[in-house]
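Have a look at the structure below before the remarks.
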Amino acid sequence: MSIISDKQNKNKKIDINAKNPIVKPETNEGDKSFENSIRPKTFDAYIGQGALKETLKITIAAAKKREQPLDHLLFYGPPGLGKTTLAGVIAGQMGVEIKITSAPALERPRDIIGILMSLKGGEILFIDEIHRLNKVAEEILYPAMEDFYLDMTTGKAQTVKTLRLPLPKFTLIGATTKAGALSGPLRDRFGIIHRLQFYTDEELSKVVTRTAGILNIEIDKDGALEIASRSRGTPRIANRLVKRVADFALVKSDGKIGREIAKAALDTLKIDECGLDMTDRGLLKLIAEKFNGGPVGIETLAAALGEDVKTLEDVCEPYLLQAGLLQRTPRGRMITPYALEHLGLKKRVTSAQQSFFD
Ligand code: ADE
């Protein structure tokens, strides 16, 4: 597996990790070598995404039988769910090399042309954050994906010549957290499109146990489940929490992770039973206490919290929405009864029929 460029991190606008690295699913520099060292390499070792794995196994077996490369694949879904890992597993199953890059690293035409020309037959090109690909790079990709050639132009004005360069048959695996932001023509060129789901607590506790095993950390079932249940359905977060809880267990106890030590560690980190951190709770409390439970516009919330809208939308909201703690309506965000219960707030109705919370 080769990772082509790290330029994307320089270009990243959202960096909530700088504030709170623990329960936000975006990758950060510290995660990368750790993640690479614990990545499962086979479908058997890859936990969760059961239905998707079964479909992929059939797709791979069929491609192998036909002795053809896989169709181009698009994975979408929230960050941290294992899109890159899954692409690596697929490459392993196909017995081919994978080249990993990300759309912000493909700024100039020569970036994408260089990578395409470096591919060998059957190899996989993985482009993360593919919704951020610029128009020129997209235009270069279309014929490459469809008919495996590159159109290169040389000369200027009247003397311009187009050179058609054949490429080896390759598979593009694109990954995005925003399938809706992908242009129609690009989306249409993927033969297979799959959504990755949040993980259940049981699946995440298996991820936690596996990671602890690799790191030589002793953990029991209850300890693993405690970490899993506060990991927002996201393996990247679960894996980070394993390390933080292990530090706590080593310093405060005998290094072994059971339920009590996991609870104590996560409480100290201010990560609650739902996996919410202070920013999430701040957002929910703001809606409840200052905006009467909502609906309230995201811009208003962002201004009140001193966050930017994209951070709230891309980093905080996906999990709050899926966990049933927040609702998105045409008139703005609303807190749910479940969130009120979780925060220990009660709905109070005044004589003027105005409801607010205490
Ligand atoms: N680490 C991150 N994602 C994983 C997964 N799906 N299975 C096992 N380990 C993982």
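As the structure lists them, so they are numbered: ligands from 1, and atoms in each ligand from 1. Scope of the values below: all heavy atoms of this structure, side chains included, with no hydrogens, waters or symmetry mates.
Not a single heavy atom of Gly48 lies less than 4.0 angstrom from ligand 1. Using a non-hydrogen distance threshold of 4.0 Å, Ala238 does not register as a contact of ligand 1.
At a heavy-atom distance under 4.0 Å, no atom of Ile38 approaches ligand 1.
No side-chain donor-acceptor contact under 3.5 Å links Ser33 and Asn36. In summary, the side chains of Arg164 and Tyr149 do present a donor paired with an acceptor at a separation below 3.5 Å, with no hydrogens or angles considered.
Looking only at protein heavy atoms, the nearest one to atom 1 (N) of ligand 1 is Asn239 ND2, 3.4 Å. Annotation: atom 6 (N) of ligand 1 to nearest protein heavy atom, Ile47 O, 2.8 Å. Atom 3 (N) of ligand 1 has Pro235 CB, 3.4 Å as its closest protein atom, hydrogens excluded (heavy atom only). Scanning all protein heavy atoms for the shortest distance to atom 9 (N) of ligand 1 gives Arg210 NH1, 3.4 Å.
Taking the six-membered ring for Trp and thresholds of 30 and 60 degrees, Tyr46 and Tyr199 have ring planes inclined between 30 and 60 degrees apart.
Atoms of ligand 1 found under 4.0 Å from any heavy atom of Ala45, numbered from 1 in the order shown, are 7 (N), 8 (C). Within the listing of ligand 1, atoms 6 (N), 7 (N) sit less than 4.0 angstrom from a heavy atom of Tyr46.
With Asn134 contributing its side chain and Glu107 its backbone, the two residues share a donor-acceptor pair below 3.5 Å.
For Tyr76 and His194, the distance between ring centers is not under 6.0 angstrom.
Note that Arg232 lies outside the cation-pi zone of Phe198, set by a 6.0 Å cut-off to the ring centre and a 45° limit from the axis.
For ligand 1, the polar-atom distance check against Tyr199 finds a nitrogen or oxygen pair separated by under 3.5 Å.
For the side-chain hydrogen bond (donor to acceptor under 3.5 Å, both in side chains) with Lys24, the qualifying choice from Asp277, Asp314, Thr279, Thr311 is Asp277, the only one to do so.
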